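Note sheet for the following structure.
What you see below is based on every heavy atom in this structure, not just the backbone, and it leaves out hydrogens, waters and symmetry mates. The residues of the chain are indexed from 1 along the displayed sequence. Computed from a prediction, not measured in an experiment: that's the story for all the values here.
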Amino acid sequence: MKRKMVMRIVLFFIVCVLIVIGAVIVRVLLTSKGTVKQFTDEQGNVLEGSIAEKTFIDVNGAENGLIIRGKNVNNPVLLFISGGPGVPQYWLNEYYENDLEEYFTVCWWDYYGEGLSYDSKIEKEEITLERLEKDAVAVTEYLKERFSQEKIYLMAHSGGTPLGVVLAEEHPELYYCYFSMGQVVHNGYDRYTYGYQFMKDIFEKTGNTKAMRKMDSLVKVAEDGSVTPNNPERIHAEWESVLLAAGCATTREMRSDAFDIFFPQMQAESYTFSEKIDYWRGKMLCSSSPYHEYQINSAEKVEFDIPVYFFNGYYDYTCPTPMVETFYENIVAPDKGIYIFEDSAHSPLWEENEAVLEIMREKAGK
C-alpha cells in the first residue's frame, strides 16, 4: 500500500514537472515573434519620422544583425556596444524602462559571433579585438552615411567597454564622445579584494551567513586585506553567485541569472526562437574568444581626443567602481566625467534611467 502511495506521489510530481516544462516551451514559442516594437501614437499609428527595425548588413564579409530604433530619425545617432562579451542587450528594453531611444537613434549592434550575428561556422579564434575594431568602424560608417551624420555617439557596457576605449582612442574622427557604463579594467586580483570587503559589509548587516561562508570558501584573505582566489580559473561562476546574493551583479534586484536573465531573454518578442538559441550559442563562443582575454589595466594612462564619461553603479562589483575611478584619474581627455549612481549595480542605464539620460542629453546638447 505504501509503495503504491509513493508511486502515485512520484507520478504526480513527474506530471507537474512536465506541465511546467510544457508551459514554458509554449510561452517561449508564443513570444518568439522576432519583431521590434514600433513607436506609435494614442491611436496605434506608427509615428512619422520614427524608426524601429531589425536589419542585417554585410560587415567586412560577414552578416551582422542590427536593431535600430529611435523616436525621431533627426535625433543624434548612437552606437551601442553590448556587454558580456557576447551578450546583446536590446531585449532588456522589453523588461526595464529605458527612454534612450526618445533622444537618440540607437543602433544596437550584435557584433561578429554574438546574437543576431552568430554563425555556427565562426571559430572563436576569429573574434579578436582587431576584428571587432574594424567591424565597429564599418558599422559606424554605415550609420553616418545612412543618417547623414558627420559623427555619431558611442556607448559601451561592461564586456563591450574594452572595445569602446579602443574606438574612442583610435578613431576620434568618428565619434562626438564615449559613454562608458561598467568599464572593464583589471589589476591583478583587485576585483576580488574590493568586492570581498564591500560584500562582507553587506552580508554582515543583512545577516546572510550562508553567502558569507560561500565567499570565504572561494578566496584567501591576507593580513593586509588583499584577496586571492583559491582557484582563479574556476572562480567566475561561483563569484557571480556571491555578487547576486549581495545585489552587486547585473542589477541590484537580480538574484538569479536563470530567472532574471535567461528566462526573460527567452521570452523576448524581438527574437525568433532560433535567434534565441543562437543568442546563447554566441555567448559561449565569445566568452572563450581572444577578445575576452584582452585587458586594460586600471593604472593605464590613455589619452583621448574626444570627451569620455563613465557611468558606474555604487553597488557594481562586477566591475568595481573604485577600479574605474582609478582608471578615470589616469586618463586624459578634452572633457571627462565620472558619475556614480547610488541605487545601481552594473546597469545604471536600466536601473536609474532618468538620471543617466539627463547626463547624456546634457553632453549631447539634447
Side-chain heavy atoms of Ile81 within contact of Leu154, under 4.5 Å: yes

State which residues pass salt bridge (Lys or Arg N to Asp or Glu O under 4.0 Å) with Asp343; sequence neighbours excluded, sorted by chain then number. Arg252

Extract all donor-acceptor atom pairs below 3.5 Å that involve side chains of residues 162-172 and protein atoms in other chains or at least two apart in sequence.
from, atom 1, to, atom 2, distance (Å)
His171, NE2, Glu133, OE2, 2.9

Verify whether one side chain among Tyr196 and Asp216 offers a donor that lies under 3.5 Å from an acceptor in the other. yes

Over 12 foreign heavy atoms within 6.0 Å of CD, Glu253: no

Under a 3.5 Å distance rule, please check whether Asp316 uses its side chain to pair with a backbone N or O of Asn312 as donor and acceptor. no

Those residues that, when tested against Lys134, pass salt bridge (Lys or Arg N to Asp or Glu O under 4.0 Å) (two or more places apart): none

Where the side chain of Glu275 meets the backbone of Thr272, is there a donor-acceptor pair that is under 3.5 Å apart? yes

Under 3.5 Å, side chain of Glu351 to main-chain N/O of Ala345, donor-acceptor pair present? yes

So ring pair (Phe, Tyr, Trp, His ring centres under 6.0 Å) across residues 198-226, not counting sequence neighbours, yields Phe198-Tyr314, Phe198-Tyr315, Phe198-Tyr317

Under 3.5 Å: donor-acceptor pair, side chain of Glu329, backbone of Thr326: no

Main-chain N/O of Ile202 paired with Thr206 side-chain donor or acceptor, under 3.5 Å: yes

Quick one: does Leu100's side chain get under 4.5 Å of Trp350's, heavy atoms only? no

Whether Gln149 side chain and Val77 backbone form a donor-acceptor pair below 3.5 Å: no

Search all heavy atoms of Pro88 against all heavy atoms of Gly86 and return the closest pair with its distance. CD-O, 3.4 Å

Taking every non-hydrogen atom, the tightest pair across Ile127 and Pro290: O-CD, 3.4 Å

Would a distance-only check, ignoring hydrogens and angles, find a side-chain to backbone donor-acceptor pair under 3.5 Å from Ser347 to Thr251? no

Do other residues, nucleotides or ligands put more than 12 heavy atoms under 6.0 Å from the CD atom of Gln43? yes

Do Tyr339 and Phe310 belong to the same hydrophobic cluster, where Ile, Leu, Val, Met, Phe, Trp and Tyr are linked whenever their side-chain heavy atoms lie under 4.5 Å apart, directly or via other members? no

His292 to Ser287 - nearest heavy-atom pair and separation: CD2-O, 2.9 Å

Is it true that Glu114 and Lys283 make a salt bridge, defined as a side-chain N closer than 4.0 Å to a carboxylate O? no

Scan residues 63-91 for pairs that pass salt bridge (Lys or Arg N to Asp or Glu O under 4.0 Å), counting only residues two or more places apart or in two chains. Arg69-Glu101, Lys71-Glu102

Partners of Tyr309 by ring pair (Phe, Tyr, Trp, His ring centres under 6.0 Å), sequence neighbours excluded? Phe179

Could you measure the distance from the SG atom of Cys248 to the CG atom of Leu243? Nearest 0.5 Å is fine. 6.5 Å

What's the shortest heavy-atom distance between Pro307 and Pro334, and which atoms? N-CG, 3.8 Å

For Leu357 and Asp99, which heavy atoms make the closest approach, and how far apart are they? CD1-C, 3.4 Å

Same cluster (ILVMFWY, side-chain, under 4.5 Å), Ile152 and Phe80: no

Using a cut-off of 6.0 Å, state whether more than 12 heavy atoms not belonging to Arg255 lie near its atom CZ. yes

Following the transitive rule for hydrophobic clusters with a side-chain heavy-atom cut-off under 4.5 Å over Ile, Leu, Val, Met, Phe, Trp and Tyr, establish whether Leu92 and Trp109 coincide in one cluster. no

Please check: side-chain N/O of Ser298 versus main-chain N/O of Met323, any donor-acceptor pairing under 3.5 Å? no

Within-4.5 Å side-chain heavy-atom neighbours: Val219 and Trp239: yes

Tyr90: which of Val36, Leu66, Asn98 passes side-chain contact (heavy atoms from CB on, under 4.5 Å): Val36

Any residue meeting side-chain hydrogen bond (donor to acceptor under 3.5 Å, both in side chains) with Tyr192, in chain and number order, not counting sequence neighbours: none

Are the side chain of Thr228 and the backbone of Lys220 linked by a donor-acceptor contact shorter than 3.5 Å? no

Ring-plane angle category for Tyr176 and Tyr153, please: parallel below 30°, perpendicular beyond 60°, tilted otherwise. tilted

Please set out all donor-acceptor pairs under 3.5 angstrom arising from side-chain atoms of residues 115-122, sequence neighbours excluded.
from, atom 1, to, atom 2, distance (Å)
Ser117, OG, Gly65, N, 2.8
Ser117, OG, Asp110, O, 2.3
Tyr118, OH, Arg281, NE, 3.3
Tyr118, OH, Arg281, NH2, 3.4
Asp119, OD1, Lys121, N, 2.8

Could you check whether any side-chain N or O of Asn187 sits under 3.5 Å from a backbone N or O of Asp190, counting only pairs where one atom can act as donor and the other as acceptor? no

Determine the minimum heavy-atom distance between Met212 and Lys200, stating which atoms define it. CE-CG, 3.8 Å

Pairwise side-chain contact, Tyr178 with Met155, heavy-atom cut-off 4.5 Å (strictly under): no

How long is the gap from CD1 on Ile67 to NZ on Lys37, to the nearest 0.5 Å? 14.0 Å

If we only count heavy atoms from C-beta on, is the Ile331 to Phe304 side-chain gap below 4.5 Å? yes

Considering residues, nucleotides and ligands other than Glu303, do more than 12 of their heavy atoms fall under 6.0 Å from its CD? no

Going only through I, L, V, M, F, W and Y residues with side-chain contacts under 4.5 Å, is there a path from Phe56 to Trp108? yes

So, is the end of the Arg131 side chain (NZ or CZ) under 6.0 Å from the ring centre of Tyr112 and within 45° of the ring's axis? yes

Can a side-chain donor-acceptor contact be found between His346 and Ser158 if the only test is distance below 3.5 angstrom? yes

Is there a side-chain contact between Thr40 and Leu47, using heavy atoms and a 4.5 Å cut-off? no

Find out whether Ile235 and Asn230 are in side-chain contact, i.e. whether some heavy atom of one side chain is under 4.5 Å from a heavy atom of the other. no

Side-chain donor-acceptor pair present, Lys214, Ser241, cut-off under 3.5 Å: yes

Give the table of side-chain donor-acceptor pairs shorter than 3.5 Å for residues 136-145, with sequence neighbours excluded, one pair per line with atom names and distance.
from, atom 1, to, atom 2, distance (Å)
Thr140, OG1, Ala136, O, 2.8
Thr140, OG1, Tyr175, OH, 2.6
Tyr142, OH, Arg146, NH1, 2.9

Evaluate the side-chain proximity of Asp135 to Tyr111: yes if any heavy-atom separation is below 4.5 Å, no if none is. no

Any donor-acceptor pair under 3.5 Å linking the side-chain atoms of Glu94 with those of Ser270? yes

Who passes side chain to side chain contact (heavy atoms under 4.5 Å, CB included) against Glu325, sequence neighbours left out? Thr321, Pro322, Ile338, Ile340

Treating Ile, Leu, Val, Met, Phe, Trp and Tyr as nodes and any side-chain heavy-atom pair under 4.5 angstrom as an edge, say whether Leu285 and Tyr291 lie in one connected cluster. yes

Report the residues that fulfil side-chain hydrogen bond (donor to acceptor under 3.5 Å, both in side chains) with Trp91, sequence neighbours left out, ordered by chain and then residue number. Tyr279

Name all residues meeting the side chain to side chain contact (heavy atoms under 4.5 Å, CB included) criterion together with Glu130; count only those two or more places apart in sequence or in a different chain, and write none if there are none. Thr128

Side-chain donor-acceptor pair under 3.5 Å between Ser82 and Gln89, yes or no? no

